[in-house]
Amino acid sequence: MERLKNMELKKTFLVLSASCVLLALLLVGLVFMVCNSISSTFPTGGIEILADGSAIKLETPTVSQQSILSMFGIIQIVSCIVLPMGGLALSGILYYHIKLKHPIAALHNGITRIQNHDLDFFMPVRSDDELGQLCAAFDTMREELLKSNQELWRQAEERKRLNAAFSHDLRNPITVLKGTVKILRRGTADELAIDRLESYTLRIEQYVEAMSSIQRLEQMPVRINECSYSLLHSELEETAKILAGALDLSVSTPDNGTIQLDHGLFLTVAENLIGNATRFAKSKITIRLEQKKNFLLLSVTDDGPGYPVELIQNGPKPFGKMKEDSAHFGMGLYSSQTLCLKHGGTLTLENRKGYGATATASFQNKTEILSNF
């Protein structure tokens, strides 16, 4: 039976047809033998001529015996027709059950599941014949379709994350611009406020152009330039005042020197961390900027309740809500982590006893960063 399952369809059909017809012919021969054997026991009637020339009249069969003999003749004629046809019918039934039934059922089930958008199944391959190869090809097609759907889903999720990060990262610069506009309306603006308005407007323009041209957040370009610590200090201080003006702020940075980094990327991360600390701080935010070896470390500490244990253990996730804040989707920390990785650094989250939550972003100090994303 196993040999028939792995045999080619045409060869299997010929073998089964020939075998069943041969069996039918053997049965026809058996029927003839049985009928002739039984008929030979009945009287045939007529005259028997002996060797000496004398004649003896043989016993004539009775009416019932003649009926039986006629029935045997009919049986022989019918068996010559019915048994070969039955053999062919039997070969067709066997052919269907051995070669066609299971592959057709498997293919039908596979098509039904695909129509129901269910691709998480395995197509069984029961033989090595043409239908077995067809089932294997169907399963390969299912796997490719599953990969295609997963890739489309991944791209949709990536685009969703990109759009969310784009919207989130624009909030803080817009808040800074609104604060600067208020200063201008009050007529208390100085040259620094106008410079800040110009730089943030240019930065938003560059950010929109960059986000519009990429497909993934990890593809955001890194542009390295030289920045002084005094400039970073003033920008951190001004940003903190606008985003968290009602809180007690402390900003510390190195006094002198410069560093090579992406200025816009650094500010985006800083604004995200400061904005996040502002939402949960009770009264105080501490911002610390320091250089350790070849990395620039930006630490933002608040005196709030601290990060959830799950967030610290698993790291920031896109659209991961913190507590019950429906307005906060976790994109700030997630995009900050991604941008730190782009800059050769990391984002570390921790809770310090007596202080609250601390987020530390590191940026590699180098003239050129090659991205592997």
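All residue numbers in this chain count up from 1 along the given sequence.
For Gly275 against Leu243, the heavy-atom pair with the smallest separation is N-CD1, 4.2 Å. Shown here for Ala24 and Gly87, the closest heavy-atom pair between the two residues is CB-CA, 4.3 Å. Ile274 and Ala240 get closest at one heavy-atom pair: CG2-CA, 4.2 Å. Of all the heavy atoms in Lys284 and Thr286, the pair that sits closest is CE-OG1, 3.6 Å. Taking all atoms of both residues into account, the shortest heavy-atom contact from Val125 to Gly132 is CG1-O, 3.6 Å. Glu237 and Val251 get closest at one heavy-atom pair: CA-CG2, 4.2 Å.
By the neighbour-count criterion of 12 heavy atoms within 6.0 Å, atom CZ of Phe13 is sparsely surrounded, having that number or fewer from other residues, nucleotides or ligands. No more than 12 heavy atoms of other residues, nucleotides or ligands sit less than 6.0 Å from atom CE of Met85. Enclosure of atom CG in Asn256 is not indicated, since only 12 or fewer non-hydrogen atoms of other residues, nucleotides or ligands lie within 6.0 angstrom. Within 6.0 Å of CD in Glu290 there are more than 12 heavy atoms belonging to other residues, nucleotides or ligands.
Counting heavy atoms from C-beta outward, Leu236 and Leu298 have side chains that approach closer than 4.5 Å. Taking the side chain as every heavy atom from C-beta outward, Leu249 and Lys241 approach each other to under 4.5 Å. Inter-residue side-chain proximity for Tyr95 and Leu9 is flagged as met; some heavy-atom pair is nearer than 4.5 Å. With contacts defined as side-chain heavy-atom distances shorter than 4.5 Å, the pair Arg113/Asn109 qualifies. The shortest distance between side-chain heavy atoms of Tyr229 and Asp255 does not fall below 4.5 Å. The closest side-chain heavy-atom distance from Leu339 to Thr268 is below 4.5 Å. At a threshold of 4.5 Å between non-hydrogen side-chain atoms, the residues Asn225 and Asp262 do not count as touching. Inter-residue side-chain proximity for Ile259 and Glu226 is flagged as unmet; no heavy-atom pair is nearer than 4.5 Å.
Hydrophobic clustering (ILVMFWY, side-chain heavy atoms < 4.5 Å, transitive): Leu119 and Met123 are in one cluster. Side-chain heavy atoms closer than 4.5 Å link hydrophobic residues (I, L, V, M, F, W, Y) into clusters, and following such links, possibly through other members, connects Leu100 to Val15. Linking ILVMFWY side-chain heavy atoms closer than 4.5 Å, directly or via other members, places Val78 and Phe72 in two distinct hydrophobic clusters. In terms of hydrophobic clustering, with Ile, Leu, Val, Met, Phe, Trp and Tyr side chains grouped at heavy-atom distances under 4.5 Å, Phe266 and Val222 are assigned to a common cluster. No single ILVMFWY cluster, assembled from side-chain heavy atoms under 4.5 Å apart, contains both Leu25 and Leu83.
From Arg142, atom CZ reaches atom CD1 of Ile114 across 8.0 Å, with rounding to the nearest 0.5 Å. The CG atom of Asp302 lies 9.5 Å from the CG atom of Leu247; values are rounded to the nearest 0.5 Å. Atoms OG and CG, from Ser19 and Leu14 in turn, are 10.0 Å apart once rounded to the nearest 0.5 Å. Note that CE of Met141 is 6.5 Å distant from CG of Leu145, once rounded to the nearest 0.5 Å. To the nearest 0.5 angstrom, Phe138 atom CZ is 8.5 Å from Leu134 atom CG. The distance from atom CG of Leu107 to atom CG of Leu131, rounded to the nearest 0.5 Å, is 7.5 Å.
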Exercise. Any chance you could lay out the side-chain contact (heavy atoms from CB on, under 4.5 Å) test for Leu267 and Glu235, step after step, and finish with the verdict?
Key: CA-CA 8 Å; Leu267 286 181; Glu235 288 178 335; 3.6 Å; yes

Practice problem: Walk me through it: do Leu261 and Leu296 pass the test side-chain contact (heavy atoms from CB on, under 4.5 Å)? | Solution: CA-CA 9 Å; Leu261 82 167; Leu296 178 68; 3.9 Å; yes

Exercise. Could you walk me through whether Leu27 and Ser79 pass the side-chain contact (heavy atoms from CB on, under 4.5 Å) test, one step at a time?
Key: CA-CA 8 Å; Leu27 290 176; Ser79 66; over 6 Å; no

Practice problem: Would you check, one step at a time, whether the test side-chain contact (heavy atoms from CB on, under 4.5 Å) holds for Phe121 with Leu146? | Solution: CA-CA 10 Å; Phe121 67 95; Leu146 179 61; over 6 Å; no

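Remark: of the listed residues Asn36, Val28, Val34, Asn36 is the sole one forming a side chain to side chain contact (heavy atoms under 4.5 Å, CB included) with Gln76.
Side chains of Asp248 and Ser283: no donor on one and acceptor on the other come within 3.5 Å. Using modelled atom types, one finds a donor on one side chain and an acceptor on the other under 3.5 Å when comparing Ser299 with Thr360.
Remark: side-chain polar atoms of Asn116 are not paired, donor with acceptor, to backbone N or O of Asp118 under 3.5 angstrom. Under a 3.5 Å cut-off, the side chain of Arg352 and the backbone N or O of Thr358 do not form any donor-acceptor pair. A donor-acceptor pair is defined here as one N or O able to donate and one able to accept, closer than 3.5 Å; no such pair exists between the side chain of Asn365 and the backbone of Asn294. Panel note: side chain Asp303, backbone Ala281; no donor-acceptor pair is recorded below 3.5 Å. A donor-acceptor pair under 3.5 Å links the side-chain atoms of Ser40 to the main chain of Ser37, judged by distance alone. Of the possible polar contacts, one joining the Ser362 side chain to the Thr346 backbone as a donor-acceptor pair under 3.5 Å is found. Judged purely by atom type and a 3.5 angstrom limit, Arg288 has no side-chain atom pairing as donor or acceptor with the backbone of Val300.
Aromatic ring centres of Phe295 and Phe363 lie farther apart than the 6.0 Å criterion allows.
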